[in-house]
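Convention: sequence-line order gives letters A, B, ...; per-chain numbering from 1.
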Amino acid sequence: MPINERYEPLVLEKKWQERWEREGLFRAGRRPNAPKKYVLEMLPYPSGKMHMGHVRNYLLGDIYARYFAMKGFDVLHPLGWDSFGLPAENAAIKDGVHPAVRTRENIASFKHDVISLGLSYDWSRELNSCEPEYYRWNQWFFVKMLEKGLVYRRFSKVNWCTGCLTVIANEQVKDGTCERCDSPVQEREMPEWAFRITRYSQALLEGLDGLTAWPDRVTGMQRNWIGRSEGVEVDFPVENGSPVRVFTTRADTLFGCTYLVLAPDHAQVLSLTTAAQRPEVEGFVAEMAVLDHAQRFAEGTEKRGVFTGSCAVHPLTGAPIPIWIANFVISGYGTGAVMSVPAHDERDFAFARKYGLPIKPVVRPVDSAAPNSSELQAAFTAEGLLFDSGSYTGLPSAEGRRKITAELEAEGKGKATVTWRQRDWGFSRQRYWGTPIPILYCERCDPNREGIPVPEADLPVVLPEIDVQEVLTGKGQPPLAKVPSFVNTTCPKCGGAARREVETMDTFVDSAWYYARYLSPHLDTAPFEATAANRWLPIDIYVGGPEHAVMHLLYFRFWSRVMKELGLTPSDEPVTRLIAQGIVNGSDGRKMSKRWGNVISPASLVQKYGADTVRVYVAFAGPPERDFDWSDDQVEGAFRFLRRVWTLVAQHQPEIQGATYEGAWEGEALELRRATHKCIQRVTQSIERLSFNTAVAGVMELVNALYAAEKPSTQAEKAAMAEAVSALTLLLTPFAPHMADEIAEGYGQEVFTVSRAWPEFDPALVVDDVIPYAVQVNGKLRAEVRVATGAGEQEVRQAAEADERVKAYLTGKTVRKVVFVPKRLLNYVVG
RNA sequence: GGGCGGAUGGCGGAAUUGGUAGACGCGCCAGACUUAGGAUCUGGUACCGCAAGGUGUGGGGGUUCGAUUCCCCCUCCGCCCACCA
């Protein structure tokens with residue numbers, strides 16, 4: 001079938017997308033005896049339209065999935081929908097449409113966009129987190145984790161988002177505002193459900209060392225977030241009261257402690273406050289209490305504090321240590337109290353200066369004398385040598401720290417401790433559109449309102465149908481509380497009246513384990529089959545944005561460990577190799593957004609150029625992990641490239657289709673074959689190391705070479721050209737799969753390209769007969785000589801020294817040394 | 001303040017373990033084919049210089065026969081975290 005002269009992507013792409021789907025070409029499990037690859041992109045929230053970030057995300061995964069399929073792997077490449085969540089609920093409040101309806105529409109539209117890109121998904125495994133079929137397993141895990149003490153109810157300070165009108169997790173607070181809606185976050189005292197993720201802090205931290213194929217920036221962010229810090233808790237005795245316990249990482253500066261500071265909401269504040277100081281302290285505490293986190297810790301906020309009137313006693317020197325409270329001390333970290341060492345801490349220095357508190361240096365730089373406290377201009381925060389520190393004087397900081405800690409421990413005055421920045425994951429949400437928390441409250445069986453888990457047999461607890469106008473008011477009360485048919489139920493223990501929990505789960509629960517559900521998406525006896533988990537886990541390649549580094553990806557790693565402990569999965573870690581894809585900015589370099597009017601819609605681009613052009617452009621624009629700015633001109637370039645391919649293969653088709661040759665290869669035909677095999681080598685290596693942009697460049701080079709070649713006339717040349725076109729088609733498959741199949745079909749191929757084997761290069765054909773050697777004199781390039789491949793140093797030297805320019809640089813000089821690098825260069829070191 | 005990235009032509013970006021800097025694309029210049037070209041094809045294109053030659057990977061040092069690549073110091077940009085004791 002001759003290839004049409006005109007390249008009409010829209011027509012042919014639709015045709016192939018339909019055929020692929022009809023054939024079930026991307027079903028996982030088609031090669032049960034082959035090694036597996038699990039390629040996954042982060043679960044999308046189905047907003048109505050796909051944006052460029054999605055395109056890049058799915059494309060990076062798709063290139064890999066197709067490549068692995070051609071390499072003979074059994075590939076699992078699924079997609080589903082993170083369909084619970086606030087945007088749908090907020091839209092419902094606004095226009096009265098039920099979130100389920102809106103979500104269904106959005107998924108249909110989004111999926112249409114996804115399909116139009118020709119992505120190789122196994123749609124038989126599509127999952128949707130808002131369906132009971134899925135979220136019942138969230139509930140199942142909840143109950144299992146409750147049994148293991150990994151879920152608990154607490155009454156504590158929570159982060160209340162004033163925009164989303166719900167509690168959010170620590171990870172979801174950025175700069176004191178909500179990461180989703182940017183509204184201020186308040187601290188509120190209320191009950192909530194939490195996952196005991198901190199039980200795994202150490203494991204999650206250590207696990208990072210094994211994640212060698214994760215980007216450093218992501219593991220770095222996680223390390224930072226987990227925030228392990230080693231130090232010591234020290235008790236400062238107080239007369240007529242319990243001691244004040246502080247946490248410090250700098251026990252070596254203990255002798256420099258001149259006062260203590262507590263957080264305003266520290267439990268001991270009132271008992272330590274003397275009558276005389278009471279009005280001032282209470283005023284200060286009240287003032288701090290009304291500030292939200294962002295206000296209290298805004299950048300540049302002045303340090304303020306008040307004296308409680310009480311003193312503690314220094315544990316080693318016995319000196320009186322005044323106790324203050326101050327705005328900058330955080331009650332939730334360490335013990336909520338700090339020992340102030342103004343000489344060696346910037347914050348303490350500023351505070352001491354302001355309130356005229358003593359500053360006592362006890363550590364000096366190794367190479368200078370001990371400073372006088374009055375001449376200290378700033379805190380000396382580095383490590384050094386101790387002085388004025390009793391028997392520890394003269395020790396380096398690290399050793400001093402060890403010995404002081406040992407003494408404190410020996411005397412029962414302190415304890416070496418590890419403190420973490422990470423907190424437990426609070427997942428209660430006071431919203432409707434999420435997984436109901438499967439808990440009942442029965443006044444008879446559960447007088448303390450701790451909650452009774454819904455028995456496994458009664459799961460799922462299904463989200464009730466509601467009257468949207470009536471229930472979703474956006475007033476900040478859990479909407480489910482307004483649905484009596486949901487709330488009122490019977491107690492599984494006593495059979496009496498009980499009430500259901502009305503809060504729902506954070507949607508990060510849905511995305512914490514969905515990758516395992518793809519293994520058995522419709523199983524109704526377990527979240528997934530163990531045999532499938534053994535076959536497919538862990539995920540080989542996971543692609544998504546770095547903005548999930550400390551939310552999703554941390555919960556994900558936590559859940560993976562829990563699943564392993566439940567005996568469900570084989571590995572601690574969920575993902576072997578992570579790609580944190582860069583952002584696609586607008587052509588003006590700003591983030592694509594309606595606000596800047598620089599949004600490029602993928603759907604309209606596909607309409608204009610076809611999916612293959614968009615795919616080639618995005619792959620070619622830059623390395624996956626780097627941001628790039630959109631460029632209309634470069635898209636044109638991608639389209640031009642594909643059309644060049646098209647024209648080339650169409651023109652040559654009549655004379656080369658089916659051409660074979662058995663004799664010896666030489667001349668033009670041999671050169672053509674070399675170009676082909678070098679290209680195969682280059683593209684293969686590029687894809688293996690995730691360098692899709694250079695892989696495309698490699699294919700472009702081959703196309704250029706084929707254009708430059710003479711029109712094939714001999715049988716050998718025709719066969720060589722046929723081989724080139726065949727290789728070109730296959731190499732193009734991950735990037736422009738529709739065109740690849742269309743060309744292959746035109747050339748009489750009956751098998752889909754993605755089902756064919758990735759081409760192998762012939763090692764003999766990637767070496768030339770002649771190698772150009774760079775000839776340097778004293779490291780400067782002076783000539784290039786062409787020498788037969790396999791020539792040794794002597795022959796290369798002969799050729800080099802015959803060169804006029806080289807001769808000129810060598811005459812009259814003594815050659816002191818000659819550096820010979822096989823296949824690359826020759827360097828004369830002369831003097 | 002801490003952590004992690006990054007800086008290469010007019011632009012996006014190449015350069016396996018130190019070995020000919022600038023692949024590939026865009027843009028630009030010239031030519032061919034054309035009634036025409038914003039289509040297509042061919043050639044050119046780091047900078048200075050007529051040339052010989054010289055200079056060049058943010059800046060400064062160092063190691064080396066040789067450094068975009070390794071080491072030290074500095075500047076700027078991006079992201080993340082942040083009064084975390």
- Note on the structure: In 5'-to-3' order, the base (B), backbone-only (S) or no-contact (-) status of each nucleotide in nucleotides 75-82 of chain B, using a 4.0 angstrom heavy-atom cut-off, is -----SSB
- Message: For a quick check of understanding: with a heavy-atom distance under 4.0 Å over all strands, which category does A/Gln681 fall into, base, sugar-phosphate or nothing?
- Response: nothing
- Item | Sub-4.0 Å heavy-atom contacts from residues 332-345 of chain A onto RNA chain B, ordered by number | A/Tyr333, A/Val338
- Query: Is it true that the NZ or CZ of A/Arg644 lies under 6.0 Å from the centre of A/Tyr707's six-membered ring and within 45 degrees of the ring axis?
  - Reply: yes
- Short side-chain N/O contact to B/C4 OP1/OP2 from A/Arg223, under 4.0 Å: no
- Message: Applying a 4.0 Å non-hydrogen cut-off, can you work out what A/Glu346 is touching in the nucleic acid: base, sugar-phosphate, or nothing?
- Response: nothing
- Which of B/A85, B/U40, B/G12 is nearest the side chain of A/Arg640? It is B/U40
- OP1 or OP2 of B/G54 under 4.0 Å from side-chain N/O of A/Arg782: yes
- Verify the contact: side-chain N or O of A/Arg347 to OP1 or OP2 of B/C84, cut-off strictly under 4.0 Å; return yes or no. yes
- Note on the structure: Side-chain atoms of A/Glu784 come closest, of B/A85, B/A14, B/U20, to B/U20
- Task: Identify whether any heavy atom of A/Glu701 sits under 4.0 Å from a base atom; if not, whether one sits that close to sugar-phosphate; answer base, sugar-phosphate or nothing.
- Result: sugar-phosphate
- Item | hbond_proxy A/Lys817 side chain to B/C65 base (donor-acceptor, 3.5 Å cutoff) | no
- Name the nucleic acid region contacted by A/Thr419, choosing base, sugar-phosphate or nothing; use a 4.0 angstrom heavy-atom cut-off, strictly under. nothing
- Query: Should A/Arg643 be listed as having a side-chain N or O under 4.0 Å from OP1 or OP2 of B/U40?
  - Reply: yes
- Sugar-phosphate, base or nothing in reach of A/Asp348, heavy atoms under 4.0 Å: nothing
- Task: With heavy atoms under 4.0 Å as the rule, sort A/Arg644 into base, sugar-phosphate or nothing.
- Result: sugar-phosphate
- Item | Sugar-phosphate, base or nothing in reach of A/Tyr707, heavy atoms under 4.0 Å | sugar-phosphate
- Item | Heavy-atom donor-acceptor pair, A/Gln776 side-chain to B/G66 base, under 3.5 Å | no
- Message: Between the base of B/C26 and the side chain of A/Asp633, is one N or O donor paired with an acceptor at under 3.5 angstrom?
- Response: no
- Output the single nucleotide from B/C83, B/A39, B/G25 whose closest atom is nearest the side chain of A/Phe620. B/G25
- Contiguous Watson-Crick or G-U pair runs (3 or more, under 3.5 Å) in RNA chain B: B:1-7 with B:75-81, B:10-12 with B:24-26, B:27-32 with B:40-45, B:46-48 with B:53-55, B:58-62 with B:70-74
